[in-house]
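Working notes, structure below.
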Amino acid sequence: MASEPDHKQTRLGLFSGLNALETIVVAAIVIVALAGMMLVGKGLFLQSRIVAGPGAVFVAAL
């Protein structure tokens, strides 16, 4: 009883437990989420340009 080996499954990657169809669905969801975030960011940028006025100069600080 005490000498029984542990049979733990090791997961090598994030998607290693998913089959091909599930991986495709997860990838599609991620792509749609990223596209949505890009559209929201673009809308916020355009809104800030409208509020600041046409002559405003934006300085990007990294």
Side-chain angles (χ1 to χ4, degrees):
M1 257 207 261
S3 63
E4 293 179 9
D6 290 332
H7 294 292
K8 293 181 181 178
Q9 294 180 351
T10 58
R11 296 188 67 159
L12 298 176
L14 182 63
F15 301 118
S16 64
L18 303 177
N19 62 22
L21 180 63
E22 291 170 339
T23 303
I24 291 171
V25 169
V26 168
I29 291 171
V30 169
I31 289 171
V32 168
L34 288 175
M37 287 190 291
M38 288 184 353
L39 288 172
V40 168
K42 184 176 180 180
L44 291 173
F45 178 72
L46 290 177
Q47 181 67 29
S48 67
R49 286 183 59 188
I50 291 170
V51 169
V57 177
F58 289 97
V59 177
L62 296 178

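Follow the hydrophobic side-chain contacts under 4.5 Å out from V30 and you reach M37 in the same cluster.
Cluster partners of I31: none. The rule joins Ile, Leu, Val, Met, Phe, Trp and Tyr whenever side-chain heavy atoms lie under 4.5 Å apart, and it links nothing here.
Considering only residues two or more places apart in sequence or on other chains, I29 meets the side-chain contact (heavy atoms from CB on, under 4.5 Å) condition with V25.
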